[in-house]
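All remarks here apply to the structure that follows.
A note on names: the letters A, B, ... follow the listed sequences, proteins ahead of strands, and every chain is numbered from 1. Predicted, not measured: the structure shown is a model, and the values here were computed from it. What's counted below: heavy atoms across the whole structure, side chains too, no hydrogens, waters or symmetry copies.
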2 protein chains.
Amino acid sequence: MPSDDKPLRADALRNRVRILEAAEQVFSERGPAASTEEVANRAGVAIGTVFRHFPTKGDLLREIMKSLLARLVSDVETLQRDSPPGAALFAFFTALVAQAARQKTVLDLLAQAGTELSIPDAVGMLERSVDGLLHSAQDAGTVRRDVRLPEVMALLSAVCQGAVTGGWDERLQTRTLAVVFAGLAP
Amino acid sequence: MPSDDKPLRADALRNRVRILEAAEQVFSERGPAASTEEVANRAGVAIGTVFRHFPTKGDLLREIMKSLLARLVSDVETLQRDSPPGAALFAFFTALVAQAARQKTVLDLLAQAGTELSIPDAVGMLERSVDGLLHSAQDAGTVRRDVRLPEVMALLSAVCQGAVTGGWDERLQTRTLAVVFAGLAP
DNA sequence: TGAAAAAGTGAGTCGCCACTCATTATCGTA
DNA sequence: TACGATAATGAGTGGCGACTCACTTTTTCA
């Protein structure tokens, strides 16, 4: 797969960035069903321009997902470094749920990203990161040893999903997570 | 609101039933985005007939939701009677998640039914039923006293949501629920 | 049995949305 | 600056899905 890295023209690069920013906003607010035309409007660009940069709506979504994913992975690394080892997993849960409530895109990443769009090993990356958090927590004794990664990912995605579609307020997020955390603890 | 209970003609009644059965199947398999035409086909009826009985797609969905809800409430009552008092809540969780995996309609009921469609106090009924299960469990000492209904409903909906969109297999359902149950226990 | 009422039918309308392409504008470079 | 290459534009196309309605068929009941 030879990379087609022809340097973009200045206006093309500018618009590409605008489109990505607009798309991130629009899809976050309205979900992935939002129309491409709305993205174009918000970017201040004609609809044809969007399709020149991303031949398919799916391509655009995939690009957004990839950068979101990269940010999440880097968040995990930051937490891994800066939190007390037993607490990082819980902190990530809390942060992700709060973010999902604002940014619906998170859901589609966690839920089906691997299925509908194909983000190759990208989701696997997040899993590996979370696995790191899980092991740290288990070593620190804040999470039971018989808990495994699949159910942690499942809970993560479930709680985010629930929080968004159910419109949980902050208080309910906290109380619900408290139950989950209690279930993970020894 | 005078009830328009004009007795239906024989063929009308027959078709109404067929449509509801078909709709339940179709929406369960394909989700609420499935087309009305598919419902008509599966019912062996012209599309106009569907719209004669249910002027709006939403009306049809609402009808399906209502009967699903009624069945769930009656399931709860059965469990309430037949299970050991501390176990009924857990049994309901398990059963509902398994059902949601087969029947996507459950999700929309739990998630947003109150919002998008308006099923007036219907969802409230389910909540009251689950509240009964919760109190029984707390009285039996299998669930902590500081757990309240909102987070129980939230977990219920979250886990169903997650199980469906994530395509959890039975093993993963079990392991995930195990964590939740541990979190509810004293 | 034979109308009138009720119900069924399905081609057609309408709006939405992903995507295209002929034309116009902008950029980079000689 | 001028010109070829690259990009932007936005009206148009096609398909899909909810919903309508003029017409046909079935039921009901005197």
Next item on the list: Measure from the side-chain heavy atoms of B:A10 and tell me the nearest of C:dC27, C:dA18, D:dT27.
Entry: D:dT27
Checklist line | B:L13 CG to C:dG8 C1', straight-line distance once rounded to whole Å | finding: 15 Å
Check: At under 4.0 Å, does any side-chain N or O of A:N15 touch on OP1 or OP2 of D:dA8?
Finding: yes
Checklist line | B:F51 side-chain proximity, nearest of D:dT27, D:dA18, C:dG28 | finding: D:dA18
Check: How far apart are the closest heavy atoms of B:A22 and B:V39, and which atoms are they?
Finding: CB-O, 3.7 Å
Note to self: Tell me the bend of the helix from C:dT1-D:dA30 to C:dA30-D:dT1 as the angle between end helix axes, each from five pairs, rounded to the nearest 10 degrees.
What the structure shows: 0°
Next item on the list: Hey, which sits more toward the 5' end of DNA chain D by its nearest nucleotide, B:D11 or B:G48?
Entry: B:G48
Next item on the list: Take atom CZ of B:R18 and atom C1' of C:dA7, then tell me their distance rounded to the nearest Å.
Entry: 14 Å
Next item on the list: Give the rounded distance in Å between these two atoms: CG of A:L8 and C1' of D:dA8.
Entry: 14 Å
Margin query: In this structure, how many angstroms lie between the P atom of D:dG4 and the CZ atom of A:R9, rounded?
Written below: 15 Å
Margin query: Quick one: does any side-chain atom of B:R30 pair with a main-chain N or O of B:Q25 as donor and acceptor, under 3.5 Å?
Written below: no
Notebook entry, point to check: Taking atom types as modelled and ignoring hydrogens, do the side chains of A:T105 and A:E24 form a donor-acceptor contact shorter than 3.5 angstrom?
Noted result: no
Margin query: So, does B:R14 get its side chain near the phosphate of D:dT27, meaning an N or O under 4.0 Å from OP1 or OP2?
Written below: yes
Next item on the list: Report the relative orientation of the aromatic rings in A:F181 and A:F93; use parallel for angles under 30°, tilted for 30 to 60°, perpendicular for over 60°.
Entry: perpendicular
Notebook entry, point to check: Between D:dT28, D:dA18, C:dG10, which one does the side chain of B:A46 approach most closely?
Noted result: C:dG10
Item checked: Atom-to-atom span, CZ of B:F54 to C1' of C:dA7 - whole angstrom -> 14 Å
Notebook entry, point to check: Is there a side-chain polar atom (N or O) of A:H53 under 4.0 Å from OP1 or OP2 of D:dA7?
Noted result: no
Item checked: Side-chain (B:D82) to main-chain (B:L79) donor-acceptor, under 3.5 angstrom -> no
Note to self: Let's see if you can work this out: which of C:dC19, D:dC19, D:dT9 has an atom nearest to the side-chain heavy atoms of B:K57?
What the structure shows: D:dC19
Notebook entry, point to check: Yes or no on side chain to side chain contact (heavy atoms under 4.5 Å, CB included) for B:R144 and B:L184, after CA distance, side-chain angles and deciding distance?
Noted result: CA-CA 6 Å; B:R144 283 208 317 274; B:L184 292 171; over 6 Å; no
Notebook entry, point to check: Side chain of B:S67, backbone of B:I64: donor and acceptor closer than 3.5 Å?
Noted result: yes
Note to self: Can you measure A:R52 atom CZ to C:dT23 atom P for me and round it to whole angstrom units?
What the structure shows: 16 Å
Notebook entry, point to check: Between C:dC19 atom C1' and A:E37 atom CD, what is the distance in whole Å?
Noted result: 12 Å
Note to self: Any heavy-atom pair between the side chains of B:L110 and B:L96 that's under 4.5 Å?
What the structure shows: yes
Next item on the list: Whole angstrom is fine here: how far is it from CG in A:N41 over to C1' in C:dC17?
Entry: 13 Å
Checklist line | For B:D146 against A:R175, the heavy-atom pair lying closest together | finding: O-NH2, 2.9 Å
Notebook entry, point to check: In residues 25-36 of chain B, what residues come within less than 4.0 Å of DNA chain D, judged by heavy atoms?
Noted result: B:A34, B:S35, B:T36
Next item on the list: Say whether, by atom type as modelled, one donor and one acceptor occur between the side chain of A:T142 and the main chain of A:Q138 under 3.5 angstrom.
Entry: no
